[in-house]
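Okay, so here's the structure we're looking at.
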Amino acid sequence: MTESPDPLLDLLHLLDLEQIERDIFRGMSRSSLVPRVFGGQVAAQALVAAGRTVPADRAAHSLHAYFLRAGDPGAPIVYTVDRIRDGRSFTTRRVVAVQHGQPIFHLSASFQSHEEGMEHQAPMPAAPDPETLPTAAEMLPRYADRFSSPGVVDRLIEARAAVDLRYVDTPPFATVGEAREPRSQVWFRTNGKLADDPLLHVCLATYVSDMTLLDSVLLAHGRGGWAVGASLDHAMWFHRPFRADEWLLYDQESPSASGGRGLGQARIHTADGRLAITVIQEGVVRVPRG
């Protein structure tokens, strides 16, 4: 396996889009475990494009996105930003990602200037100290026999090298044939410190949010993380400031699956218990035939 000397720096370069016109940006892709662009990458890049057209004092507070077509990892992606609204407190942007002349992704994002208001939140669920849990490099080789190809473990470790992602329980792909409660927890943070740019932290959390959420759907059916599937839509609400280079608990569950689709929902808490993000995602989940 060939690893980058600094996977986090590679990821940051991936999110540093090239501006080719006033509201038009271009991004590249990184290799993926499947022959399409990783959805979290497209969502994060689209949010970068939107954020670069918004005043720095307005933070992202929500995004709503649809995955329209599978992206080609070998071709650049062009992001066009529409400046839908610039209000006194809120700014709204719409972003369309295009490849080969066709839209592959659509995002609407809202940004808000800082404002004081009422405060309450759901409590943080119980979870072990992330430092007591194994890293991906320590954990994944234990389950090498669960994968059909011996190279999958190396590719998984490489694909997640920029992010320290630690499963609280036995990972979904290790439980094939064993139905479990449709709930999963992971701790995550970037493998290295980040600059003090709030948009960067939000974009990196967006990137990671697409890695494991639909696993909770498959757990209820003993699929162990294996099914034919792809993200359909993705929504996030950013409630409170956080840093993506500090531990975040991703508490995920699936309330429903039907019609070839599965729904995942999650809350992301900081290590000190603040509710930072809510995430909801629906995806295609089909059992492979044969």
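Only a predicted model underlies this, so the values are computations on that prediction, with no experimental measurement involved.
- Not one N or O on the side chain of Glu282 forms a donor-acceptor pair closer than 3.5 Å with the backbone of Gly262.
- Going from atom CZ of Arg83 over to atom CZ of Arg94 covers 14.0 Å, rounded to the nearest 0.5 Å.
- Taking the six-membered ring for Trp and the full ring otherwise, the centers of Phe105 and Phe67 sit less than 6.0 Å from each other.
- Here the closest heavy-atom approach between residue Ala235 and residue His64 is recorded as CB-ND1, 3.8 Å.
- For the atom pair CD of Glu181 and CG of Asp169, the computed distance is 9.5 Å after rounding to the nearest 0.5 Å.
- Nearest heavy-atom pair across Met236 and Ser209 is SD-OG, 3.5 Å.
- A donor and an acceptor atom, one from each side chain of Asp210 and Ser231, are located under 3.5 Å apart.
- In this structure, a donor-acceptor pair under 3.5 Å is absent between the side chains of Arg85 and Thr91.
- Taking the centre of each ring, His61 and Phe90 come in below the 6.0 Å mark.
- Ring to ring, His269 and Trp247 are not that close: their centroids are 6.0 angstrom or more apart.
- The closest side-chain heavy-atom distance from Tyr250 to Val279 is below 4.5 Å.
- By the 4.5 Å heavy-atom criterion applied to side chains, Thr270 and Leu248 are counted as neighbours.
- Atom CD of residue Gln281 and atom CD of residue Gln252 lie 9.5 Å apart, to the nearest 0.5 angstrom.
- When side chains are defined from C-beta on, Tyr207 counts as touching Leu11, because their heavy atoms get closer than 4.5 Å.
- Applying the side chain to side chain contact (heavy atoms under 4.5 Å, CB included) test between Val202 and each of Val48, Leu63, Leu47 identifies Leu47 as the sole match.
- Side-chain contact of Asp72 with His100: a donor-acceptor pair under 3.5 Å is present, judged by distance alone.
- For Glu253 and Arg180, the salt-bridge test fails: no basic side-chain N is under 4.0 Å from an acidic carboxylate O.
- Lys193 is not listed as a side-chain neighbour of Leu8, based on a closest heavy-atom distance of 4.5 Å or more.
- Every residue meeting the side chain to side chain donor-acceptor pair (under 3.5 Å) condition with Gln112, not counting sequence neighbours, appears here in chain and number order: Glu115.
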